[in-house]
Amino acid sequence: MKRMVVVGTQWGDEGKGKITDYLAQRADVVVRYQGGNNAGHTVVFDQKKYSLHLLPSGIFNKNITNVMANGMVINPEAFAEEIKPFETFKLAISDRAHVILPYHLEIDKFNEQLRGDHKIGTTNKGIGPAYTDKASRLGMRMSTFVHPIRFKEKLMEILEPMNREMYGMGKGNLDFNTIYEKFSKYAELMRPYVCDTSLLLNELIAQDKKILFEGAQGVLLCLDHGTYPYVTSSSPTASSVPVNTGIAPWLVEGAIGVTKAYTTRVGSGPMPSEILGDLASHIRIKGNEFGTTTGRPRRIGWLDTVILRHSKRVSGLSYLAVTLLDVLTGIDELKIAVSYTLDGITIDKVPAEIEDFEKCLPNYITMPGWKEDITQVKSYEDLPENTKNYLIKLSELVGVPIGMFSVGPDRNQTIMVKEIF
Ligand code: IMP
């Protein structure tokens, strides 16, 4: 496959960064297509640790073209900070991506406060409010932001109603000059990279380049197909790539669905296979299950194949990449959720109503665990029988072949089962 999407199949944090980083070594182009700096992954490179939130994973390789596509919302201040350590890179930012400005962060925090006990648990990065402005046709496109005259005019125009909103929230006025001066510098920094990335991508496709589309978050956080309202404000599915990048749907050749060997979730909302107590703490610590962006401890659960089949259906998944398999080593018995019981009836779907999803009780099968250290295995064949059986069962239940798996954080602990890209 020459044009492939990396998709998170759960609630984000599946290890997409690691899989993308691995596959990016074989790519000519890496494209981020949605979300903003709510995403996060850590990459260790040349003995230095980098946390990427906005930049595509190909940024470490000067031969790879990195694209921040129109489906993204970009905070220029965060961009300026993140790009600092990089000197030589190829980058294109879509002129149609939307800009996150300081008031979006204020509104995000304020909305969360208003929700009281029903907080979404957002990353407070202004993602929802920026997408709200885009949908309300009040947003600012990157093309306007980097325009030498129009940014000033548009900012003035926006700040008037925004300051009324700030007043309503009991906050002080946003000062035009302060924002303008600060953000003009960011606009200058970004201007050379801003272009029509749909044109660029279509040209690169015509040249038969290998393109990796890098999803952020996971399908269950999708605004349309996720566990609404506990979702993000964009669509991380493979099916959203065409609209979020400006290419034809049939140009996407396949998707690799990244799934942890168990389940995690940050933020609020139901999670039927959640585990509490000592086993959850053990997995959390062993798997370092703390958010890259917010540092929050992640909730832990057994592998849930109802949500994986849901992800397969609404997104499209050609292969699975199973991450953090080593974290399960030493656990005697492993449970896998295969269906739910809702009001006494067995179901095999994620209900649209969050109140119904909250009531879903998981039905499990149990698989024997393994005790052998698997962190040094180099191929699928090297895995203990029980680990293989766990992968085979997972693949059967989801109906998608395993393309890759990983047994540790290092690049060389990621193993390809098939040549998929
Ligand atoms: P927002 O994207 O900041 O609006 O947050 C909405 C929901 O998505 C919250 O539950 C967040 O915890 C979750 N979320 C957003 N980005 C990520 C991510 O990269 N990994 C995991 N969860 C995320």
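As the structure is a computational prediction, the values presented were derived from the model and not from experiment. Whatever order the structure lists ligands and atoms in, that order sets their numbers, starting from 1.
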Looking at [X], which atoms of ligand 1 are within less than 4.0 Å of one of its heavy atoms?
X	value
L221	8 (O), 13 (C), 14 (N), 22 (N), 23 (C)
V266	10 (O), 12 (O), 21 (C), 22 (N)
W11	21 (C), 22 (N)
G121	9 (C), 10 (O), 11 (C), 12 (O)

For H104 and D133: C-alpha separation, side-chain torsions, deciding distance, then whether side-chain hydrogen bond (donor to acceptor under 3.5 Å, both in side chains) applies.
CA-CA 9 Å; H104 291 128; D133 277 358; 2.8 Å; yes
With a 4.0 Å heavy-atom cut-off (strictly under), which part of R296 contacts ligand 1: side chain, backbone, both or neither?
side chain
Heavy-atom contacts under 4.0 Å between V231 and ligand 1: side chain, backbone, both, or neither?
backbone
Please assess K393 against Y390 for the test side chain to side chain contact (heavy atoms under 4.5 Å, CB included), listing each intermediate value before the final yes or no.
CA-CA 5 Å; K393 183 54 84 182; Y390 187 73; 5.9 Å; no
Going through the checks in order, is the salt bridge (Lys or Arg N to Asp or Glu O under 4.0 Å) test met by E274 and R299?
CA-CA 7 Å; E274 185 162 16; R299 297 157 64 193; 3.0 Å; yes
Can you pull out the closest protein heavy atom to atom 21 (C) of ligand 1? Residue, atom name and distance to 0.1 Å, please.
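Its nearest protein heavy-atom neighbour is D13 OD2, 3.1 Å.
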Residue pair N66 / L55, side-chain heavy-atom distance below 4.5 Å:
no
Below 3.5 angstrom, do we get any N/O pair linking [X] and ligand 1?
X	answer
T122	no
T232	yes
T123	yes

Looking only at non-hydrogen atoms, which of N38, I120, N124 approaches atom 10 (O) of ligand 1 most closely?
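That would be I120.
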If the plane angle is over 60° it's perpendicular, under 30° parallel, otherwise tilted; pick one for Y186 and F183.
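Plane angle over 60°, so perpendicular.
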Do the rings of F89 and Y193 sit parallel, tilted or perpendicular, given the 30° and 60° boundaries?
tilted
Are Q217 and ligand 1 in contact, using a heavy-atom cut-off of under 4.0 Å?
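Within the 4.0 Å threshold, so yes.
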Measure the distances from the heavy atoms of A39 to every atom of ligand 1 and state whether one is below 4.0 angstrom.
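Checking ligand 1 against A39, which is what was asked, there is a heavy-atom contact under 4.0 Å.
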One thing to verify: whether R411 and D21 come together as a salt bridge, which I'm taking to mean a side-chain N less than 4.0 angstrom from a carboxylate O.
yes
Do the numbers put K210 on top of the ring of F421, so that NZ or CZ is under 6.0 Å from the six-membered ring centre and no more than 45° off the axis?
yes
On the ring face of F110, is K171 found with NZ or CZ under 6.0 Å from the centre and within 45° of the axis?
no
